Visitor: 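Mind having a look at this structure? Questions to follow.
This is a predicted model, so every value here is computed, not measured. All residue numbers refer to positions in the sequence shown, counting from 1.
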Amino acid sequence: MEESISLLDIFTILKKRWMLIFSITVLAGLISASISYYVMTPVYQASTQILVNQKNPEHQFDYSLLQSNVDLINTYSVIIKSPVILSKVVNKLDFPKTVEELNQSITINSQENSQIFSLVVRDSNARNAVEIVNTISEVFQTEIQNIMSVNNVSILAQAELKEHPVPVKPDPLLNIAVATVVGLIIGIVMTFLIEFLDNTLKDDHDVETYLGLPVLGSIKKMSPSEKKARKYSKRKRMGSETIVSQIEK
């Protein structure tokens, strides 16, 4: 019984302050949408695929050679992000970039036991992202021959600028969904805080519970419709009394 009453009380509180909860939820969603679309800087991504494959003079499958190529990817990942490569990339680019900025924008993805790895670059400009990742790939392919004295790097796929590039960040729909849920939670929490911090006596039950006094009577609060109907009835009654008095005269 106690549990049923508690659940009913919770529902009553939420129903009484549903406008507060709704307003906070909508406001949170609108703020998130405004920030996602008009404040946050969009980030674009471009990538290339690079193959590490040292030629086998015997033209036969050699597992040890394959494993050696796979192990080299870890070394190449470090070399790609080193100043030796990136400083030459900076000199080739048509727009100002520092080695540190390039280093932070580069991500290298590789799969286990695969000789192919992906070079990913993110930038606030889609065209710049494509130019950067392609330049890094070309410079790395050229310079690795001098650094490692090997010729085992091939560019499988270069990045291309799409006609309508789509940013990878931010994700407005995800941000709005998260903000809406957070706003809903904040609204519910605020509702219960307001309710529990309100120490006013609301009904005859509170008077008996907290003051220990019996309730002798109560005055019902009239709704707007009841007030309107009462005024209309009063006006009608006064009109009738006026007509009667005029007839009597």
Visitor: According to side-chain hydrogen bond (donor to acceptor under 3.5 Å, both in side chains), who are the partners of Tyr44, at least two apart in sequence or on a separate chain?
Guide: none
Visitor: Just verifying a value: how many Å separate Met40 CE and Asp171 CG, rounded to the nearest 0.5 Å?
Guide: 10.0 Å
Visitor: Show your reasoning for whether side-chain contact (heavy atoms from CB on, under 4.5 Å) applies to Gln49 and Ile155.
Guide: CA-CA 6 Å; Gln49 287 186 327; Ile155 301 174; over 6 Å; no
Visitor: Between CD of Gln115 and CG of Leu51, what distance do you get to the nearest 0.5 Å?
Guide: 6.0 Å
Visitor: Is there side-chain contact between Ile80 and Phe117, with at least one heavy-atom pair below 4.5 Å?
Guide: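 Yes. Closest side-chain heavy atoms under 4.5 Å.
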Visitor: Look only at the side chain of Ser114 and the backbone of Ile116, and say whether a donor-acceptor pair between them is shorter than 3.5 Å.
Guide: yes
Visitor: Table please: side-chain donor-acceptor pairs of residues 186-193 below 3.5 Å, with sequence neighbours left out.
Guide:
{"unit_1": "Thr191", "atom_1": "OG1", "unit_2": "Gly187", "atom_2": "O", "d": "2.8"}

Visitor: Search all heavy atoms of Ala159 against all heavy atoms of Val130 and return the closest pair with its distance.
Guide: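 For Ala159 versus Val130, the nearest heavy atoms are O-CG1, 3.6 Å.
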Visitor: Which atom pair, heavy atoms only, marks the closest approach of Ala28 to Ala179?
Guide: CB-O, 3.4 Å
Visitor: Do Asn175 side-chain atoms and Ser36 backbone N/O form a donor-acceptor pair below 3.5 Å?
Guide: no
Visitor: Are Leu161 and Ile132 co-members of a hydrophobic cluster defined by side-chain heavy atoms under 4.5 Å apart?
Guide: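 No, no single cluster joins them.
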Visitor: Between Ser105 and Asp123, do the side chains contain a donor N or O and an acceptor N or O under 3.5 Å apart?
Guide: no
Visitor: Output the distance between atom CD1 (Ile21) and atom NZ (Lys15), rounded to the nearest 0.5 Å.
Guide: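 Interatomic distance, Ile21 CD1 to Lys15 NZ, rounded to 0.5 Å: 13.0 Å.
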Visitor: Do Ile144 and Leu119 belong to the same hydrophobic cluster, where Ile, Leu, Val, Met, Phe, Trp and Tyr are linked whenever their side-chain heavy atoms lie under 4.5 Å apart, directly or via other members?
Guide: yes
Visitor: Sorted by first residue and then second, give each ring pair (Phe, Tyr, Trp, His ring centres under 6.0 Å) pair with at least one member in residues 132-175; sequence neighbours left out.
Guide: Tyr76-Phe140
Visitor: Val120 versus Gln45: any side-chain heavy-atom pair under 4.5 Å?
Guide: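 A side-chain contact under 4.5 Å exists here.
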Visitor: Once rounded to the nearest 0.5 Å, what's the spacing between atom CD1 of Ile194 and atom CD1 of Ile13?
Guide: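 Going from CD1 on Ile194 over to CD1 on Ile13, the span is 11.0 Å.
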Visitor: I need the full list of ring pair (Phe, Tyr, Trp, His ring centres under 6.0 Å) pairs touching residues 12-35, with sequence neighbours left out, sorted by first then second residue.
Guide: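 Sorted result for residues 12-35: empty, none.
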Visitor: State, yes or no, whether a side-chain contact exists between Leu156 and Ile50 at a heavy-atom distance under 4.5 Å.
Guide: no
Visitor: Hey, are the side chains of Gln145 and Val150 touching, using non-hydrogen atoms and a 4.5 Å cut-off?
Guide: no
Visitor: Same cluster or not: Val168 versus Ile106, using hydrophobic residues (I, L, V, M, F, W, Y) connected whenever any side-chain heavy atoms lie under 4.5 Å apart?
Guide: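 Shared cluster, no.
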Visitor: When rounded to the nearest 0.5 angstrom, what is the spacing between CD in Gln111 and CD1 in Ile73?
Guide: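 Atom-to-atom, Gln111:CD and Ile73:CD1 are 10.0 Å apart.
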Visitor: Rounded at 0.5 Å granularity, tell me how far CD1 in Ile79 sits from CG in Leu72.
Guide: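 Ile79 atom CD1 to Leu72 atom CG measures 8.5 Å (nearest 0.5 Å).
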Visitor: Keeping to residues at least two apart or across chains, list the side chain to side chain donor-acceptor pair (under 3.5 Å) pairs with something in residues 132-141.
Guide: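 The answer is Thr48-Ser137, Glu138-Gln158.
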Visitor: Show me the donor-acceptor pairs, under 3.5 Å and distance only, between side chains in residues 83-92 and residues at least two apart or in other chains.
Guide:
{"unit_1": "Ser87", "atom_1": "OG", "unit_2": "Pro83", "atom_2": "O", "d": "2.5"}
{"unit_1": "Asn91", "atom_1": "ND2", "unit_2": "Ser87", "atom_2": "O", "d": "3.2"}

Visitor: Cluster question for you: counting only ILVMFWY and a side-chain heavy-atom cut-off of under 4.5 Å, with indirect links fine, are Val181 and Leu173 together?
Guide: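 Looking at the clustering, Leu173 is in a separate group from Val181.
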